[in-house]
Asker: 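If you scroll down you'll find the structure; I have some questions about it.
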Amino acid sequence: MRISIPFSFLLLYSCFSYGQKADFKNYTQEIPKVKVKIEMIAIPAGTFTMGSPAAEKNRKSDEGPQIQIKLNAFWMGKYEIPWDIYELFVFESLDPTRTINQDNKLDGLTRPTKPYLDMTFGMGKQNYPALGMTHYNAIQFCKWLYSRTGIFYRLPTESEWEYASRSGSKEAYHFGNDEEKLKDYAWYASNSNKKSHPIGTKKPNDWGLYDMYGNASEWTLDQYAPDTYQKYKGKLVNNPVVLPNKLYPHSVRGGSFKEDASKLRSASRNASSPEWKQLDPQSPKSNWWLTGPYVGLRIVRPLVSPSEKEINEYYNIKPIPDY
């Protein structure tokens, strides 16, 4: 089964190039009626080399060949989304007839099912990264946030994630190639004690983003394909995205608290798998929750918001029944 995504959605990423506005700067997104906020970092437009060179230590074949990418400016969450915010979405009681913006033009929200397990797995909740949501669930969180704020948020594309992670660097990590320094920037297998930790407790990268490496792995928008870069070889590609059209696999970036340094490199790619739901007792399995407690999300906002029609096309995809 496939997700049908209209071609106009692709236009959000590949056909336009915008200059940066004079007021393009960091800001804090407030959520009405609650105290929690989301800090957003302004990521400048630019061109970068995506993927890893052949000589990079621990390099995998799906990280090459290196390709040239041009990206429009966007904002990215300073931190991974914590449980404090994600649970507002999960447990908020919504009237099914309630519309989600002041113009009363959008349909009501779909509410996620209650998790069938303690999705923190005892690791911690307040200020800890939210974990275990499906790709579909992560997109619906963005839809909920739009309903509360009127601002379009989405998952980052793979190229946006790597560009933001590198923050101008060309080495394995944004700080260079010395794995010993990773402990200052990330919670991972060597220092995490096999559990997640509060967001923002390690050093940020040069653009002020925390936990880009380790803690929770992070969903991207893209469908994972091992040969993606081969298709772009020798080209300068504007705002690429591999549009999702099936349930597995999606691209996951950044590595997690349970993985070693090799999986935390800026170019390292991971792919979602049915095994991430192996503990789910339901049949069919949940559209909303994984049983692998190490995948979370970080949000982005494009500099220029898409049209209402395009926003609907992104948020209102239908879930694919799992097997």
Asker: Which distance, rounded to the nearest 0.5 Å, do you find between the CD of Gln29 and the CZ of Arg301?
Answerer: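 So the CD of Gln29 and the CZ of Arg301 are separated by 7.0 Å.
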Asker: For the NE2 atom of His197 and the OG atom of Ser192, what is their distance to the nearest 0.5 Å?
Answerer: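 Going from the NE2 atom of His197 to the OG atom of Ser192 covers 5.0 Å.
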Asker: Does Phe175 have Lys181 sitting over its ring (NZ/CZ under 6.0 Å from centre, angle to axis within 45°)?
Answerer: no
Asker: For Gly200, is there any backbone N or O sitting under 3.5 Å from a side-chain donor or acceptor partner on Asp211?
Answerer: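 Here the side-chain-to-backbone pair exists.
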Asker: Using the test side chain to side chain donor-acceptor pair (under 3.5 Å), find all partners of Thr134 that sit at least two apart in sequence or belong to another chain.
Answerer: none
Asker: So, the side chain of Arg298 versus the backbone of Lys78: is there a donor-acceptor pair under 3.5 Å, distance only?
Answerer: yes
Asker: Donor-acceptor pair, distance only, cut-off 3.5 Å: does the side chain of Thr149 make one with the backbone of Leu145?
Answerer: yes
Asker: Rounded to the nearest 0.5 Å, what separates atom NZ in Lys143 from atom CD1 in Ile317?
Answerer: 10.0 Å
Asker: Side chain of Ser272, backbone of Tyr248: donor and acceptor closer than 3.5 Å?
Answerer: no
Asker: Check the orientation of Tyr146 and Tyr315. Use parallel for under 30°, tilted for 30 to 60°, and perpendicular for over 60°.
Answerer: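 The arrangement is tilted - the two ring planes meet at 30° to 60°.
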Asker: Please give me the minimum heavy-atom distance between Asn215 and Pro198, naming the atom from each residue.
Answerer: ND2-O, 4.1 Å
Asker: Does a donor on one side chain and an acceptor on the other come within less than 3.5 Å for Gln223 and Ser251?
Answerer: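 There is no such pair between these side chains.
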Asker: For residues Tyr27 and Ile81: do they belong to one hydrophobic cluster (side chain heavy atoms under 4.5 Å, members Ile, Leu, Val, Met, Phe, Trp, Tyr)?
Answerer: yes
Asker: Hey, quick one: are Tyr163 and Met76 part of the same hydrophobic cluster, counting side-chain heavy atoms closer than 4.5 Å, chains of contacts allowed?
Answerer: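 Yes, one cluster joins them.
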Asker: Taking the six-membered ring for Trp, are Trp219 and His135 parallel (under 30°), tilted (30 to 60°) or perpendicular (over 60°)?
Answerer: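 Trp219 vs His135 ring planes: perpendicular.
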Asker: I'd like to know if the side chain of Thr291 and the backbone of Trp276 have a donor-acceptor N/O pair within less than 3.5 Å.
Answerer: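 Between the backbone of Trp276 and the side chain of Thr291 there is a qualifying donor-acceptor contact (under 3.5 Å).
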Asker: In terms of side-chain heavy atoms, does Tyr294 have a donor or acceptor partner in Glu259 at a distance below 3.5 Å?
Answerer: no
Asker: Do the side chain of Asn239 and the main chain of Asn72 share a donor and acceptor less than 3.5 angstrom apart?
Answerer: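 Checked: pair present.
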Asker: Quick one: closest heavy-atom pair of Asn177 and Ala172, and the distance?
Answerer: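 Where Asn177 meets Ala172 most closely, the heavy atoms are OD1-N, 2.9 Å.
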Asker: Looking at Phe257 and Met123, what are the two nearest heavy atoms and their distance?
Answerer: CZ-SD, 3.7 Å
Asker: Rounded at 0.5 Å granularity, tell me how far OG in Ser147 sits from CD1 in Ile151.
Answerer: 12.5 Å
Asker: Please report the shortest heavy-atom distance between His174 and Arg166, naming the atom on each side.
Answerer: CB-O, 3.6 Å
Asker: At their closest point, which heavy atom of Ala216 faces which heavy atom of Pro129, and how far apart are they?
Answerer: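 Looks like CB-CB, 4.0 Å.
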Asker: Check whether any side-chain N or O of Arg154 sits under 3.5 Å from a backbone N or O of Cys142 as a donor-acceptor pair, and report yes or no.
Answerer: no
Asker: Quick check on the hydrophobic clustering: are Tyr224 and Leu264 connected, directly or via other members, by side-chain heavy-atom contacts under 4.5 Å?
Answerer: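 No.
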Asker: Take Tyr173 and Arg265, measure what side-chain contact (heavy atoms from CB on, under 4.5 Å) needs, and give me the verdict at the end.
Answerer: CA-CA 5 Å; Tyr173 307 96; Arg265 293 172 300 109; 3.6 Å; yes
Asker: What verdict does the side-chain contact (heavy atoms from CB on, under 4.5 Å) test give for Met212 and Trp161, after you've listed the backbone C-alpha separation in whole Å, the side-chain angles of each residue and the deciding distance to 0.1 Å?
Answerer: CA-CA 9 Å; Met212 291 297 285; Trp161 190 97; 3.6 Å; yes
Asker: Checking side chain to side chain contact (heavy atoms under 4.5 Å, CB included) between Thr228 and each of Asp222, Ile67, Val242, Asp62, which is the one that passes?
Answerer: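 Single side chain to side chain contact (heavy atoms under 4.5 Å, CB included) partner of Thr228 among Asp222, Ile67, Val242, Asp62: Val242.
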Asker: Measure the shortest side-chain to side-chain distance between Trp207 and Ile43 over non-hydrogen atoms and say whether it is less than 4.5 angstrom.
Answerer: yes
Asker: Answer yes or no: is there a side-chain heavy-atom contact under 4.5 Å between Thr28 and Met40?
Answerer: no
Asker: Side-chain heavy atoms under 4.5 angstrom apart, residues restricted to Ile, Leu, Val, Met, Phe, Trp, Tyr: same cluster for Phe91 and Tyr136?
Answerer: yes
Asker: If hydrophobic clusters are built by linking Ile, Leu, Val, Met, Phe, Trp and Tyr wherever their side-chain heavy atoms come under 4.5 Å apart, do Phe89 and Val295 end up in the same one?
Answerer: yes
Asker: One pair to check against side-chain contact (heavy atoms from CB on, under 4.5 Å): Tyr153 and Trp75. What are the steps and the verdict?
Answerer: CA-CA 9 Å; Tyr153 291 100; Trp75 289 273; over 6 Å; no
Asker: Distance-only, no hydrogens or angles: does the Arg148 side chain make a donor-acceptor pair with backbone N or O of Lys33 under 3.5 Å?
Answerer: no
Asker: Is it true that Tyr213 and Ser266 share a donor-acceptor pair across their side chains at a distance under 3.5 Å?
Answerer: yes
Asker: Measure the spacing between CG of Leu131 and CG of Leu297 and express it to the nearest 0.5 Å.
Answerer: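 Going from the CG atom of Leu131 to the CG atom of Leu297 covers 10.0 Å.
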Asker: Output yes when a side-chain donor or acceptor of Arg269 lies under 3.5 Å from a complementary backbone atom of Ala225, and no otherwise.
Answerer: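 Yes, the answer is positive, given that a donor and an acceptor are paired below the 3.5 Å cut-off.
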Asker: Would you list the atom pairs, donor with acceptor, under 3.5 Å between side chains in residues 183-191 and any protein atom, with sequence neighbours excluded?
Answerer:
from, atom 1, to, atom 2, distance (Å)
Lys183, NZ, Glu180, O, 2.9
Trp187, NE1, Thr201, OG1, 3.0
Asn191, OD1, Tyr188, N, 2.9
Asn191, ND2, Ala186, O, 3.0

Asker: Does Gln66 form a side-chain hydrogen bond (donor to acceptor under 3.5 Å, both in side chains) with Ser52? I'd like the steps, not just the answer.
Answerer: CA-CA 6 Å; Gln66 288 184 293; Ser52 59; over 6 Å; no
Asker: Only one of Tyr128, Phe141, Trp288 forms a ring pair (Phe, Tyr, Trp, His ring centres under 6.0 Å) with Tyr86, so which one is it?
Answerer: Phe141
Asker: Count the heavy atoms belonging to other residues, nucleotides or ligands that lie under 6.0 Å from NZ of Lys60, then report whether that count exceeds 12.
Answerer: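 At most 12 heavy atoms, drawn from other residues, nucleotides or ligands, come within 6.0 Å of this atom.
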Asker: Closest approach of Ala138 and Leu155, non-hydrogen atoms and distance?
Answerer: CB-CD2, 4.0 Å
Asker: Take Asn287 and Asn137 through the side-chain contact (heavy atoms from CB on, under 4.5 Å) test and state the conclusion after the steps.
Answerer: CA-CA 7 Å; Asn287 289 319; Asn137 198 350; over 6 Å; no
Asker: Give a yes or no on whether a salt bridge exists between Arg253 and Glu158, defined as a side-chain N under 4.0 angstrom from a carboxylate O.
Answerer: yes
Asker: What distance do Thr47 atom OG1 and Asn238 atom CG have between them, rounded to the nearest 0.5 Å?
Answerer: 8.0 Å
Asker: Assess, by modelled atom type and distance only, whether the side chains of Lys263 and Asn58 contain a donor and an acceptor separated by less than 3.5 Å.
Answerer: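 Result is no, nothing qualifies.
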Asker: Between Glu30 and Lys37, is there a salt bridge with N-O shorter than 4.0 Å?
Answerer: yes
